[in-house]
Colleague: 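My structure is below; once you've seen it, I'll send some questions.
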Amino acid sequence: MVSNGVPLEKVAQYLGHSNVAITYQTYARFAPDHLQDAAEILDFTQIRKVR
């Protein structure tokens, strides 16, 4: 589900987990790309130029 864009919170709710941390600890390690879109926002070359 996460690999197809479903937020982890919704996956946790669907699975009946009382806390999203349970879902993350159990399943997120199997889909490490779920943070790829967040990482792509960072432009480290711009950060280095500011310093």
Side-chain angles (χ1 to χ4, degrees):
M1 286 185 216
V2 173
S3 296
N4 285 312
V6 177
L8 200 56
E9 293 79 10
K10 285 187 177 184
V11 175
Q13 186 177 16
Y14 180 81
L15 295 173
H17 295 161
S18 59
N19 187 333
V20 72
I22 294 168
T23 312
Y24 180 79
Q25 292 170 349
T26 305
Y27 298 105
R29 63 181 172 194
F30 298 114
D33 325 338
H34 77 279
L35 293 176
Q36 184 174 353
D37 61 338
E40 288 173 353
I41 292 172
L42 297 175
D43 183 354
F44 289 107
T45 58
Q46 293 298 324
I47 293 171
R48 288 187 187 123
K49 288 179 184 178
V50 172
R51 290 182 182 193

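Just so it is clear, the model here is predicted, and its values are computed rather than measured.
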Colleague: Using side-chain contact (heavy atoms from CB on, under 4.5 Å) as the criterion, list what pairs up with Q13, not counting sequence neighbours.
Modeller: none
Colleague: List the atom pairs, donor and acceptor, that lie under 3.5 Å between side-chain atoms in residues 14-22 and the rest of the protein, sequence neighbours left out.
Modeller:
unit_1	atom_1	unit_2	atom_2	d
H17	ND1	T23	OG1	2.6
N19	OD1	A21	N	2.9

Colleague: By side-chain contact (heavy atoms from CB on, under 4.5 Å), which residues pair with N4, not counting sequence neighbours?
Modeller: none
